[in-house]
Amino acid sequence: MTWSGECKYTWAMVSQVSTHYRLRGRNILLGITAGVAAYKAAELARLLVKVGAQVQAVMTPSASEFIGPMTLQAVTGRPVRQALFDSQHEAAMGHIELARWADLVLIAPATADFLARLAAGMADDLLATLCLASEAPLAVAPAMNEKMWRHPATQANMATLAARGVMLWGPAEGEQACGDTGPGRMLEPAELLQRAVSAMGGGRFAGRRAVITAGPTREPLDPVRFLGNRSSGRMGYAIAGSLAREGAEVTLVSGPVALECPPGVERISVETAMEMHTAALTAAKSADLFVACAAVADYRPRGAADHKIKKGAETLQVDLVKNPDILRDVAALPDRPFCVGFAAETERLREHASGKLRDKGADMIAANPVGEGLGFESDDNALLVIWKEGSLELPRQRKGRLAEQLVSVIAERMDAQATA
Ligand code: PMT
């Protein structure tokens with residue numbers, strides 16, 4: 001494979017990406033309330049300690065029905081704090097000291113009751129008091145029965161907390177301890193660790209919102225058949241993960257793929273190009289960055305048949321109509337994000353990529369040559385990244401590593417554009 005044209009930038013000029021070191025030496029106040037998921041708090045504390053954070057566990061009075069303080073003390077190396085009226089600490093206003101000590105307050109699990117008390121501004125136990133007294137960023141990882149989660153009272157409390165700037169991490173959907181299935185599971189400890197890393201800032205995308213499209217779309221022909229393509233979603237998912245590690249708040253609009261959502265990323269699952277268009281446009285309105293990595297069907301059948309199409313005539317004609325162009329429409333938004341498109345090409349990579357940069361109104365195009373084990377479905381890829389004033393070749397490598405490099409290039413171009 002050869003790429004022609006002048007290359008103004010080299011990879012050595014682009015800085016490396018960092019990850020968990022951001023929590024080293026940071027003070028995390030880990031609040032544990034009385035939910036079944038409290039047992040996972042020990043693993044979360046262990047992960048936080050492992051990456052170098054100092055963790056102070058604070059339990060509500062009934063949390064110890066679900067996990068013993070000794071377990072948390074052993075993992076964190078610090079006595080667990082439970083009582084507000086504790087003569088040992090409160091003589092010196094210990095709760096205020098603790099509130100000042102925290103760089104991040106993370107409540108995991110956060111029960112419906114605790115969230116209600118938090119929303120109401122109560123100070124009826126040590127943990128609730130600390131949340132009021134601390135100026136540190138506050139994150140909650142809700143965990144409760146799905147009906148409790150869906151209850152309008154809980155939803156109203158969550159809206160109040162969100163409006164106050166509390167970070168809402170989860171809940172996840174799935175099977176619950178009570179046997180119900182739905183939203184209400186606490187996010188896994190590894191996911192919460194990743195969110196904490198992102199929240200502690202220092203990443204090049206801290207405070208920025210990113211929306212990524214990934215994977216294929218499926219355009220239904222009838223109830224059992226569709227027009228699709230070979231995109232596995234690997235490239236887009238790797239970019240979403242990289243951006244989250246760099247501190248971005250990431251929304252991944254994904255076509256049907258067999259991949260786990262990267263830690264710290266919110267996924268919206270869609271099937272058709274029209275669904276992807278709606279989800280991406282809605283999310284992109286408040287985004288700083290939009291990356292269109294999905295292989296979106298350019299056309300869809302005019303109308304999907306209501307019933308399975310039967311075999312009959314020797315030939316079958318399918319009438320196709322054009323899908324909207326998601327990248328172009330996002331780039332045309334009034335207060336648009338920085339727009340990065342992809343181009344999968346079998347020939348004249350630079351020429352086609354330049355054409356797409358112009359035609360779609362993008363700020364940058366990452367072009368990948370397809371074939372020879374690159375691009376669709378493979379673990380490897382190579383990119384020619386072009387923008388108006390320059391370009392950069394990122395040679396063949398694993399998509400994970402390539403995504404990190406691409407994210408660095410994007411950060412650099414966004415910063416350059418902002419200061420131009
Ligand atoms: O998913 P993997 O198996 O890891 O493979 C990754 C990939 C090869 C799919 C990815 O790296 C890639 O190149 N994605 C774009 C694929 C493509 O065919 O693009 P395109 O030339 O059709 O479209 C150009 C750009 O416009 C793309 O950013 C695309 O997302 C966007 N587009 C296209 C059509 C449309 N209706 N809406 C769009 O937003």
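Remember, it's 1-based here, ligands and their atoms both numbered in the order they're listed.
The protein atom (non-hydrogen) at minimum distance from atom 2 (P) of ligand 1 is Ser232 OG, 3.3 Å. Protein heavy atom in closest approach to atom 7 (C) of ligand 1: Asn368 OD1, 4.3 Å. For atom 18 (O) of ligand 1, the nearest non-hydrogen atom of the protein is Ala344 CB, 3.8 Å.
Atom CZ of residue Arg78 and atom CG of residue Leu30 lie 12.0 Å apart, to the nearest 0.5 angstrom. Residue Arg209 holds its CZ atom at 4.5 Å from CD of Glu249, rounded to the nearest 0.5 Å.
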**Request:** Report the C-alpha separation of Thr33 and Asp113 in whole Å, then their side-chain angles, then the decisive distance to 0.1 Å, and conclude whether the side chain to side chain contact (heavy atoms under 4.5 Å, CB included) test is met.
**Result:** CA-CA 9 Å; Thr33 69; Asp113 173 72; over 6 Å; no
**Request:** Tell me, with the steps shown, if Glu219 and Thr217 meet side chain to side chain donor-acceptor pair (under 3.5 Å).
**Result:** CA-CA 7 Å; Glu219 309 302 321; Thr217 59; 3.0 Å; yes
**Request:** Please step through side chain to side chain contact (heavy atoms under 4.5 Å, CB included) for the pair Ile107 and Phe114, ending with a clear verdict.
**Result:** CA-CA 9 Å; Ile107 316 294; Phe114 188 80; 3.9 Å; yes
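With respect to the salt-bridge test (charged N to carboxylate O, under 4.0 angstrom), the residues Asp380 and Arg396 qualify. The residues Arg117 and Asp125 are annotated as salt-bridged, a charged nitrogen and a carboxylate oxygen being separated by less than 4.0 angstrom. Checked for salt-bridge contact, Glu345 and Arg350 miss the test: no charged N lies under 4.0 Å from a carboxylate O. A salt bridge is defined here as a Lys NZ or Arg NE, NH1 or NH2 lying under 4.0 Å from an Asp or Glu carboxylate O, and Lys322 with Asp298 fails to meet this definition. Contact check on Glu43 versus Lys40 returns no salt bridge, with no Lys/Arg side-chain nitrogen under 4.0 Å from an Asp/Glu carboxylate oxygen.
Ligand 1 has at least one atom lying under 4.0 Å from a heavy atom of Cys293.
Annotation for ligand 1: atoms under 4.0 Å from non-hydrogen atoms of Glu377 are 3 (O). When each atom of ligand 1 is checked for a heavy atom of Pro324 under 4.0 Å away, the hits are 35 (C), 36 (N). Heavy-atom contacts of Asp298 reach the following atoms of ligand 1: 34 (C) (cutoff under 4.0 Å). Of all atoms in ligand 1, listed by their number and element, those nearer than 4.0 Å to a heavy atom of Lys399 are 2 (P), 3 (O), 4 (O), 5 (O). Listed by number with element, the atoms of ligand 1 under 4.0 angstrom from any heavy atom of Leu327 are 26 (O), 38 (C), 39 (O). Residue-ligand proximity, Arg234 to ligand 1, at heavy-atom distances under 4.0 Å covers atoms 1 (O), 2 (P), 4 (O).
Residue-to-ligand polar distances place Ile326 within reach of ligand 1: an N/O pair is separated by less than 3.5 Å. Residue Lys356 has at least one nitrogen or oxygen atom sitting less than 3.5 Å from a nitrogen or oxygen atom of ligand 1, judged on distance alone.
For atom 25 (C) of ligand 1, the choice among Tyr237, Phe342, Phe290 with the nearest heavy atom turns out to be Phe342. Nearest-heavy-atom check against atom 29 (C) of ligand 1 across Ala214, Ala353, Ala294, Gly341 picks out Ala294. Nearest to atom 28 (O) of ligand 1 by heavy-atom distance, out of Gly375, Pro216, Ala292, Gly233, is Ala292. Nearest to atom 23 (O) of ligand 1 by heavy atom, out of Met235, His277, Lys360, Met276, is Lys360. Between atom 1 (O) of ligand 1 and the options Ser231, Gly215, Ala331, the minimum heavy-atom separation is to Ser231.
Side-chain contact, Asn145 with Asp180: a donor N or O sits under 3.5 Å from an acceptor N or O.
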